[in-house]
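Step one of this worksheet: look at the structure below.
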Amino acid sequence: MQHSRVGRGLFPGVNAMSYEIDASEWLNTEAPLSLRALRGRVVVVTVFQMLCPGCVRNSLPQAKGLDALFPREDLAVIGLHSVFEHHHVMTPAALRVFAGEYRLGFPIAIDRPLESGVMPATMKQWGLGGTPTLLVFDRQGELALRHLGHLDDLRLGAFVGQLIAQRRPREAGLEPADQRDGGPACTP
């Protein structure tokens, strides 16, 4: 089953500040990444499990393709390994081997396991229903797409390309989002 939501205003009360990755460990990066710090770039987060057939067959190759296709100054691709089943075999050590075997060069966050329940921290906080899940944030850090299941490569590539083509805030004569007013207002 596939579910997709696209565009602004579809997630009332939820903004980029609500979306941060709660990771126990990171692979393929020297320091933990922050979605807030990546503003100015389009960010694609692919949520996966290494034993999920749809992830291995579709979403991870798709993430590798995006990472190879678009310049790093325009697009950041992040893998989020969110284990909600088979906890005993999907360990960080197994994920490191998996990432090496599949040549996953983009940063991968290991979703922090919670003391109670099967859902890890980020997956629970973001209200995700399974894997693969794709989240795309625009240059301003706003959630632009959330999709459960596989999304066609051409559709995703076109969508990401459109977001990248939107000018960076400074290029458009705007200040970064965290330095702007909250929007239209009446002032004396």
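F98 and F48 have parallel rings, their planes meeting at less than 30° on a 0 to 90° scale where 60° marks the start of perpendicular.
Listed by chain and number, the residues in a side-chain hydrogen bond (donor to acceptor under 3.5 Å, both in side chains) with T131 amount to none (sequence neighbours excluded). Here D67 pairs with R72 under the side-chain hydrogen bond (donor to acceptor under 3.5 Å, both in side chains) rule; sequence neighbours left out.
Taking the side chain as every heavy atom from C-beta outward, V47 and L134 never approach each other to under 4.5 Å. Under the 4.5 Å side-chain criterion, counting only non-hydrogen atoms from C-beta, D111 is not in contact with K124. Side chains of Q62 and H150 form a contact here, defined as non-hydrogen atoms less than 4.5 Å apart. Using a 4.5 Å heavy-atom cutoff, the side chains of L135 and L145 are not in contact. For the pair F159 and I164, the minimum side-chain heavy-atom distance is 4.5 Å or more. The shortest side-chain heavy-atom distance between V43 and Y19 does not fall under the 4.5 Å cut-off.
Of all heavy-atom pairs spanning L95 and M50, the tightest one is N-CE, 3.6 Å. Nearest heavy atoms, T46 versus A63: CG2-CB, 3.7 Å. Nearest heavy-atom pair across L163 and D138 is CD2-CB, 4.0 Å. The two residues L148 and P132 make their nearest non-hydrogen contact at CD1-O, 3.5 Å.
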Per-pair distances, 0.1 Å, donor-acceptor, side chain in residues 53-61, under 3.5 Å, sequence neighbours excluded:
{"from": "S59", "atom 1": "OG", "to": "C55", "atom 2": "O", "distance (Å)": "3.3"}

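Distance check, rounded to the nearest 0.5 Å: CD1 of I110 to CE of M90 gives 12.0 Å. Distance check: L33 CG to E20 CD gives 10.0 Å after rounding to the nearest 0.5 Å. Rounded to the nearest 0.5 angstrom, L114 CG and Q125 CD are separated by 10.0 Å. Put simply, CE on M123 and CZ on R112 are 15.0 Å apart, with the number rounded to the nearest 0.5 Å.
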Please report the C-alpha distance between E85 and V118 in whole Å, then the side-chain angles of each, then the deciding distance to 0.1 Å, and finally whether the side-chain contact (heavy atoms from CB on, under 4.5 Å) criterion is met. CA-CA 7 Å; E85 58 189 356; V118 297; over 6 Å; no
Just do the side-chain contact (heavy atoms from CB on, under 4.5 Å) check on F106 and L27 with the steps written out, would you? CA-CA 8 Å; F106 50 85; L27 307 179; over 6 Å; no
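Listed for the K64 side chain is a donor-acceptor partner under 3.5 Å among the backbone atoms of Y102.
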